[in-house]
Amino acid sequence: MKGTFPVGRFTHLATPFYYYDLNLLQRTLEEIRHQLKELDWPAAQVHYAIKANHNPVLLNHIAASGFGADCVSGGEVQAALRAGFAPETIFYAGVGKADWEIDLALDAGIGRFNVESRAELEVLAERAAVKGKVAPVSLRVNPDVAAHTHKMITTGRAENKFGIHYSVLEEVIRRAQSLPGVEFIGLHYHIGSQILDLGDFKALCHRNNRIVKELQAHGIEIKDINVGGGLGIEYSHPNRFLMADFAGYFRTYSDELTTNLPIHFELGRSIVAPCGSLISRVLYVKDGLERHFAILDAGMNDLLRPALYHAQHRIENLSSEEELEPYDVVGPVCESSDVFGEQVMLNKCRRGDLVAIRSAGAYGESMASQYNCRPLAPAVFSSTE
Ligand code: LLP
């Protein structure tokens with residue numbers, strides 16, 4: 001089965017472009033709210049991770065649905081504010097916050113700085129004090145929990161650059177409590193992305209339970225916990241699994257966390273990946289010695305994930321019902337890694353056929369570049385039909 005695309009409408013459009021199904025986005029947002037309600041968990045708040053996709057139309061929808069925002073740069077904080085996210089629901093993480101970014105976030109009155117090092121804590125406290133403000137702070141803990149995902153998107157191991165190792169956490173908290181420019185509030189984690197094994201989140205819960213218990217025993221008050229994001233999606237079956245397993249994900253946390261504190265989630269991919277596809281045309285079908293190549297007008301500059309992580313997105317020929325044939329689906333960029341998939345079974349391809357690269361709503365448009373002086377692919381939305 002192929003996805004349901006308005007192919008007739010696509011035929012008039014220049015390719016490549018990103019197509020977003022805003023209905024699916026809306027249903028996904030509703031499903032998240034529904035699952036949290038089922039668990040009777042009003043103290044849980046979801047902050048959409050803007051890095052997954054900062055397209056303003058999507059941001060407006062997500063903000064209007066009452067979600068918070070998770071940012072990793074000053075630019076993302078500005079994008080969140082422009083989209084209407086309430087400042088107090090905007091959280092800002094990142095190992096390298098520049099002074100101007102800290103100032104901008106302080107001026108906006110964002111809800112939380114997720115601080116990743118003692119050095120950053122000192123700078124933040126100083127800059128806040130100069131402004132006569134007190135920055136609300138969570139400390140990002142490196143829990144040393146392995147996530148079963150691609151090694152380039154695992155973040156919670158001791159050797160990763162992220163967070164403060166839990167062995168020195170208490171010392172950094174005490175320092176935060178002594179600085180007038182910051183208010184220590186809680187703990188922040190994020191162990192990685194595209195995680196399908198819920199056991200990884202369970203391991204994080206157990207590590208957190210131990211850390212919180214120990215800190216509390218030492219008289220430290222923790223007011224909330226932010227467990228980050230990371231929930232994966234089924235890239236190979238986008239039609240069968242329209243949405244991520246939000247029920248299983250939230251239940252894991254509600255079952256395994258022993259602390260009774262407000263919980264924050266920072267989901268990115270699971271919210272926007274399914275609703276987006278990169279739509280492209282076949283420029284040429286080239287018969288190699290042993291393989292057929294379908295050469296698309298979309299390249300790795302439009303969707304970097306396959307080249308960078310060997311990620312596999314489902315690819316469909318929207319213009320053909322002819323017999324299935326194996327193709328190496330490649331882009332026009334002058335790099336051998338500009339490959340979307342090898343030996344992909346597609347309905348027989350001809351020049352001009354429309355091809356959809358599915359589940360590209362997360363880390364697609366937001367990671368696009370103009371490499372090879374190629375223009376950025378525009379976005380097209382379902383609701384403007
Ligand atoms: N919170 C923090 C602190 C993060 O670093 C990330 C993602 C998230 C939340 C959202 O994680 P998600 O729910 O989307 O898994 N470009 C890669 C993914 C990089 C993820 C970076 N951090 C990819 O295309 O797979």
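One-based numbering, in listed order, for ligands and for the atoms of each.
Judged by the 6.0 Å distance and 45° axis criteria, Lys97 is positioned over the aromatic ring of Tyr92. With Tyr363 as the aromatic partner, Arg269 does not meet the cation-pi criteria of under 6.0 angstrom to the ring centre and within 45 degrees of the ring axis.
Inclusion of Ala49 in the set of residues having an N or O under 3.5 Å from an N or O of ligand 1 is not warranted. Residue-to-ligand polar distances keep Ser270 apart from ligand 1: every N/O pair is separated by 3.5 Å or more. Checked by distance only, ligand 1 and Arg269 come closer than 3.5 Å through their nitrogen or oxygen atoms. Residue Gly268 has at least one N or O atom closer than 3.5 Å to an N or O atom of ligand 1. Inclusion of His188 in the set of residues having an N or O under 3.5 Å from an N or O of ligand 1 is not warranted.
With ring centers used as reference points, Tyr48 lies 6.0 Å or more from Phe85.
One finds a salt bridge joining Glu183 and Lys223 here, because a Lys/Arg side-chain nitrogen approaches an Asp/Glu carboxylate oxygen to under 4.0 Å. For Arg127 and Asp99, the salt-bridge test passes: some basic side-chain N is under 4.0 Å from an acidic carboxylate O. Checked for salt-bridge contact, Arg27 and Glu31 miss the test: no charged N lies under 4.0 Å from a carboxylate O.
Of the listed residues (Ile233, Leu58, Leu29, Leu231), just one forms a side-chain contact (heavy atoms from CB on, under 4.5 Å) with Ile271, and that residue is Leu29.
In summary, the atoms of ligand 1 found under 4.0 Å from a heavy atom of Gly229, numbered by their order in the structure, are 9 (C), 13 (O). For ligand 1, the atoms closer than 4.0 angstrom to any heavy atom of Arg140 are 3 (C).
Looking at Asp70 against ligand 1, only its side chain comes within 4.0 Å, counting heavy atoms. Contacts with ligand 1 closer than 4.0 Å are made by side-chain heavy atoms of His190 only, the backbone lying farther away.
Residue contact check for ligand 1: Gly230 places a non-hydrogen atom closer than 4.0 Å to it.
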